[in-house]
Amino acid sequence: MDSLASQFRLTDRRFTWLVGLTFSLSVTVIALGAYTRLTEAGLGCPDWPGCYGFLTVPKTESQHALAQQAFPDHPVEVHKAWNEMLHRYVAGALGLLIVAINVVARRRADRPRRMPLILLGIVIFQAALGMWTVTMALKPVVVMGHLLGGFTTASLLLVLWLRMLRRQRPAAMSGPPAVSPSLTSVRRLAVAALVVVAMQIALGGWTAANYAAVVCTQLPVCEVDWVSKFDITAFEPWQPGFQTYQYGVLNFDQRVSIHAAHRIGAMITTAIVLLLCWQLWRIGWRRSALGLTALLGIQIALGVTNVVASLPLPVAVAHNLGGLSLLLGTLSTYWVLSRHRETTRFKQRPAIHRVKYSRHGHGLPLQRKPAGYVQMTQKSG
């Protein structure tokens with residue numbers, strides 16, 4: 001029995017390691033996707049899944065000539081093509097690892113199966129979005145959907161990884177003891193923060209997809225009269241009638257509207273996340289409060305740098321990863337809070353007091369005798 005239990009623990013550790021590796025690769029895919037988008041390499045290969053009709057980037061002069069003949073409107077730019085293909089290769093490896101997670105999860109009945117299946121469906125849909133990004137020439141709603149799909153994949157992989165870690169180390173994943181016996185209000189606030197952070201990421205994706213990141217160069221909102229210029233049509237998801245959406249198709253007022261909405265969303269997100277950090281500090285979860293505060297501060301600093309320095313490439317990529325880190329930090333905080341409720345539910349049950357009944361019936365409980373009480377019995381005869 002001991003050898004069987006140790007074998008089960010070993011296979012669980014291997015499965016946990018596989019999920020952790022896949023999670024790390026999903027973060028890498030998001031970083032490569034941001035780099036590809038910010039270097040204008042989204043159409044570095046005008047076809048899918050190959051590149052200019054080849055399995056890889058054209059290398060020789062004859063291949064370049066054939067590529068130019070097949071795609072006369074898309075001159076071969078080798079560095080952009082390699083950016084795009086590298087992103088596709090790593091995303092393909094991520095898909096294979098998610099398939100492996102599903103295969104390994106089905107070998108034992110006690111492993112989670114629903115989450116790996118959901119991940120497999122998402123990564124298949126992600127591949128379709130990657131194809132539509134190319135075939136629809138960077139249509140903003142597709143680009144934003146592709147970004148959100150990547151963030152969703154990383155989030156679900158994190159939850160799966162935390163679940164497996166909790167099986168191996170339940171005490172370490174239960175969270176610190178809380179001052180208040182009820183965490184309901186803090187947990188609800190964590191849900192609100194999670195929703196707001198996700199919406200802010202969607203706004204950021206919409207800002208990037210419509211090339212509205214640099215239309216406002218001053219703080220806190222915009223140097224132009226954005227209130228009078230605000231145009232709600234800038235948020236219409238479908239923008240038909242354009243051959244390509246590269247470099248954006250919206251006018252200046254519409255881009256200002258998107259940018260201003262993103263900045264206002266950042267202010268709301270900051271307020272709610274700081275409120276969550278304050279509540280976490282109050283109940284004794286100080287490490288979580290400090291971690292979320294640090295992630296929020298770094299993300300704000302990166303956003304301000306993007307505005308002041310006109311979107312430098314390393315800072316812009318880091319801003320994407322900062323949004324992902326804030327999302328994952330808020331998600332993990334909520335996950336630990338919800339698990340903490342489950343582990344403390346049993347401890348908070350009232351103690352059951354046993355009542356001793358008299359031997360001679362009548363169903364009456366015995367009265368507790370005071371200290372020093374001496375029972376007097378009448379002797380017979």
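When a residue number appears, it is its place in the shown sequence, counting from 1.
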*For Q126 and T153, test the side chains for any donor-to-acceptor distance below 3.5 angstrom and give the result as yes or no.*
no
Looking at N251 and D253, would you say the former's side chain and the latter's main chain have a donor-acceptor pair under 3.5 Å? yes
Open item on the list: Can you confirm whether F230 is buried at CZ, in the sense that more than 12 heavy atoms of other residues, nucleotides or ligands lie under 6.0 Å from that atom?
Closed with: yes
Test side-chain contact (heavy atoms from CB on, under 4.5 Å), reference P140, set Y211, W206, W238, output is W206
- Quick check: does any side chain N or O of R37 sit under 3.5 Å from a backbone N or O of G42, one acting as donor and the other as acceptor? no
Inset, instruction - Classify the side-chain pair S185/Q279 by whether it contains a donor and acceptor separated by less than 3.5 Å. - result: no
Q | S257 side-chain N/O to D231 backbone N/O, donor-acceptor pair under 3.5 Å | A | yes
Practice prompt. Assess the side chains of R263 and H259: does a donor N or O sit below 3.5 Å from an acceptor N or O?
Written response: yes
Tested for side-chain contact (heavy atoms from CB on, under 4.5 Å) against R111, the lone hit among I101, V104, L160 is V104
Can you see whether W335 has R339 sitting over its ring - NZ or CZ less than 6.0 Å from the centre and within 45° of the normal?
yes
The reported gap from CD in Q254 to CZ in F235 (rounded to nearest 0.5 angstrom) is 10.0 Å
Would you verify whether the NZ or CZ of R163 falls within 45 degrees of the ring axis of W161 while also being under 6.0 Å from that six-membered ring's centre? no
Value for CG (L326) from CG (L321), rounded to nearest 0.5 Å, stands at 12.5 Å
Separation between CG (L275) and OG1 (T270), nearest 0.5 Å, reads 12.5 Å
* Donor-acceptor contact below 3.5 Å, side chain Q299 vs main chain H319 -> yes
Value for OG1 (T56) from CG (L86), rounded to nearest 0.5 Å, stands at 10.5 Å
Margin query: If we ignore hydrogens and angles and just use 3.5 Å, is the side chain of D47 paired with the main-chain N or O of G53 as donor and acceptor?
Written below: yes
For residues 65-79, please give each side-chain donor-acceptor pair under 3.5 Å, one per line with the distance, not counting sequence neighbours.
from : atom 1 : to  : atom 2 : distance (Å)
Q68  : NE2    : P72 : O      : 3.3

When rounded to the nearest 0.5 Å, the distance separating OG1 of T269 from CG of L296 is 8.5 Å
Heavy atoms of N102 and L117 approach each other most closely as OD1-N, 3.2 Å
Any cation-pi pair here, R187 with Y334, using under 6.0 Å and within 45°? no
Treating E84 as the side-chain partner and C45 as the backbone partner, does any N or O pair qualify as donor plus acceptor under 3.5 Å?
no
| request: Output yes when a side-chain donor or acceptor of Q246 lies under 3.5 Å from a complementary backbone atom of L138, and no otherwise. | output: no
- Message: Closer than 3.5 angstrom, by distance alone: can the side chain of R255 be matched with the main-chain N or O of C216 as a donor-acceptor pair?
- Response: no
message: More than 12 heavy atoms of other residues, nucleotides or ligands under 6.0 Å from CZ of R113: yes or no?
response: yes
Flag, side chain of T28 to backbone of S24, donor-acceptor distance under 3.5 Å: yes
